[in-house]
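Worksheet: one structure, shown below.
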Amino acid sequence: MGAWAIAVHGGAGVDPNLPKERQEEAKRLLTRCLNIGISALRSNLPAIDVVELVVRELETDPLFNSGRGSALTENGTVEMEASIMDGPKRRCGAVSGLTTVKNPVSLARLVMDKSPHSYLAFSGAEEFARNQGVELVDNEYFITEDNVGMLKLAKEANSILFDYRIPTIGTCGAGAAMDSPLQMNGLPISVYAPETVGCVVVDKEGRCAAATSTGGLMNKMTGRIGDSPLIGSGTYACDLCGVSCTGEGEAIIRSTLAREVAAVMEYKGLNLHEAVDYVIKNRLDEGKAGLIAVSKNGEVACGFNTTGMFRGCATEDGFMEVGVW
């Protein structure tokens with residue numbers, strides 16, 4: 001019997017001037033989700049069940065960019081994506097282009113458990129959801145007043161606007177977007193801040209699991225798929241570790257960031273903290289991202305090269321920490 005550990009995140013990239021009230025609101029949500037996971041682990045729930053349970057809670061709360069509160073496409077609709085992975089046999093499930101599924105992470109779990117496939121998207125994923133009897137809601141359920149306002153700003157700036165919580169470069173307001181030196185796939189973008197959510201867990205049996213869920217980018221092109229549903233990029237779990245990533249999806253995809261953590265542990269013999277530090281420093285090129293990770297030995301780690309990352313972690317020995325910066 002080993003020791004359990006859990007970590008959650010609510011996105012990388014945080015405005016240094018983020019109001020204290022907003023910081024505390026985020027911390028309370030992360031703390032609540034950690035406590036849900038801790039209680040489940042103490043009840044000997046398997047790691048794969050715990051990550052699904054915690055990410056469902058994050059999807060249901062509109063604070064972060066997943067489920068209800070998801071970022072809006074250029075057409076003002078929501079297209080959500082999620083993935084989940086069970087470390088012991090590297091079983092996985094992923095979904096993209098969801099418009100009516102209340103909890104995308106649970107549909108990803110059903111793809112893993114109840115289909116012969118690993119990844120379903122758009123109309124096929126929606127049909128599978130109906131056949132599985134999962135809870136469906138109108139697309140309007142996911143849309144919040146804040147996100148409608150942010151989409152308007154994005155369209156006025158003629159750019160992808162990620163979030164008001166992330167700083168512009170040198171000034172305030174969406175007008176700074178066109179002068180921003182930040183780029184995605186070599187093209188200029190506005191201020192950067194996708195707030196994907198995720199959870200990683202190792203249980204007492206040493207089983208690792210990971211899950212990630214997001215609405216993607218504000219004002220994204222319809223049909224755009226990011227890193228969150230891509231196994232090995234946004235999510236990965238094996239017999240060594242579990243990893244969930246957040247940040248610039250295109251950079252995370254190029255670097256297969258989540259898998260890289262496991263790879264350097266396996267091939268370079270690094271421990272979890274060394275592996276996380278190595279991939280953040282050496283595998284992102286000029287991209288901006290963060291990740292949370294656990295190892296089969298009960299270790300927990302996080303890393304990011306953004307201003308901050310909404311995150312929390314806890315271990316069986318009583319350690320618990322929730323932070324933003």
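Predicted, not measured: the structure shown is a model, and the values here were computed from it.
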Strictly by modelled atom types, are [X] and [Y] linked by a side-chain donor-acceptor pair under 3.5 Å?
X: Ser66; Y: Ser213; value: no
X: Asp146; Y: Thr144; value: no
X: Thr212; Y: Thr235; value: yes
X: Glu260; Y: Ser255; value: no

Looking at side-chain heavy atoms only, is the closest gap between [X] and [Y] below 4.5 Å?
X: Asn103; Y: Glu52; result: no
X: Val279; Y: Leu291; result: yes
X: Met150; Y: Asn147; result: yes
X: Arg68; Y: Val137; result: no
X: Leu45; Y: Asp203; result: no
X: Lys204; Y: Leu41; result: no
X: Leu98; Y: Leu107; result: yes
X: Val243; Y: Ile292; result: no

Charged N-O contact under 4.0 Å between [X] and [Y]:
X: Arg224; Y: Glu250; result: yes
X: Glu127; Y: Arg130; result: no
X: Arg259; Y: Glu266; result: yes

Which atom pair, heavy atoms only, marks the closest approach of [X] to [Y]?
X: Cys208; Y: Ala47; answer: C-CB, 4.3 Å
X: Gly67; Y: Met80; answer: CA-SD, 3.7 Å
X: Ala289; Y: Asn305; answer: N-OD1, 2.9 Å
X: Ser295; Y: Glu299; answer: OG-OE1, 2.7 Å
X: Val197; Y: Phe64; answer: CG1-CB, 3.5 Å
X: Leu272; Y: Ala293; answer: CD2-O, 3.6 Å

Measure the spacing between [atom1] of [X] and [atom2] of [Y] and express it to the nearest 0.5 Å.
X: Leu30; Y: Glu57; atom1: CG; atom2: CD; result: 11.5 Å
X: Glu321; Y: Leu34; atom1: CD; atom2: CG; result: 10.5 Å
X: Asn297; Y: Leu240; atom1: CG; atom2: CG; result: 9.0 Å
X: Asn219; Y: Leu72; atom1: CG; atom2: CG; result: 9.0 Å
X: Lys102; Y: Thr60; atom1: NZ; atom2: OG1; result: 6.0 Å
X: Thr77; Y: Asn139; atom1: OG1; atom2: CG; result: 6.0 Å

Practice task
Might you work through the side chain to side chain contact (heavy atoms under 4.5 Å, CB included) test for Cys302 and Met309, ending with a clear yes or no?
Solution key: CA-CA 9 Å; Cys302 70; Met309 181 170 74; 3.9 Å; yes
Problem - side chain to side chain donor-acceptor pair (under 3.5 Å) between Glu79 and Thr222, worked out - result: CA-CA 8 Å; Glu79 290 182 356; Thr222 56; 5.1 Å; no
Is there a path of hydrophobic side-chain contacts, each under 4.5 Å between heavy atoms of I, L, V, M, F, W or Y residues, that connects [X] with [Y]?
X: Met221; Y: Ile252; value: no
X: Val300; Y: Val200; value: yes
X: Leu284; Y: Leu270; value: yes
X: Met265; Y: Val202; value: no
X: Ile280; Y: Phe304; value: no

Problem - Within 6.0 Å of CZ in Arg207, more than 12 heavy atoms from elsewhere - result: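 Buried by this count: over 12 neighbours within 6.0 Å.
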Exercise for the section: Answer yes or no: does atom CE of Met320 have more than 12 heavy-atom neighbours from other residues, nucleotides or ligands under 6.0 Å? Expected result: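 Enclosed: over 12 neighbouring heavy atoms sit under 6.0 Å from CE of Met320.
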Given 3.5 Å as the limit, does a donor-acceptor pair link the side chain of [X] with the main chain of [Y], or not?
X: Asn271; Y: His273; result: yes
X: Thr246; Y: Ala12; result: yes
X: His9; Y: Thr196; result: yes
X: Gln23; Y: Val324; result: no

Practice task
Please identify each residue that fulfils salt bridge (Lys or Arg N to Asp or Glu O under 4.0 Å) with Arg91, with sequence neighbours left out.
Solution key: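 Arg91 satisfies salt bridge (Lys or Arg N to Asp or Glu O under 4.0 Å) with Asp86, Asp113 only.
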Problem - Residues clustered with Ile253, ILVMFWY side-chain links under 4.5 angstrom - result: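 Members other than Ile253 - counting any ILVMFWY side chain reachable under 4.5 Å - are Tyr119, Phe122, Ile225, Leu230.
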Handout entry: Whichever hydrophobic residues join Met85 through chains of side-chain contacts under 4.5 Å
Key =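 Its cluster partners, ordered by chain and number, are Ile231, Tyr236.
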Practice task
May I have the step-by-step check of salt bridge (charged side-chain N to carboxylate O under 4.0 Å, His left out) for Glu25 and Arg28, ending in yes or no?
Solution key: CA-CA 5 Å; Glu25 190 178 11; Arg28 285 194 296 271; 5.6 Å; no
Problem - Trp4/Ile38 under side chain to side chain contact (heavy atoms under 4.5 Å, CB included): CA gap, chis, key distance, verdict - result: CA-CA 9 Å; Trp4 58 257; Ile38 290 168; 3.8 Å; yes
Exercise for the section: List the steps, then state whether side chain to side chain contact (heavy atoms under 4.5 Å, CB included) holds for Val105 with Arg109. Expected result: CA-CA 6 Å; Val105 71; Arg109 175 74 185 271; over 6 Å; no
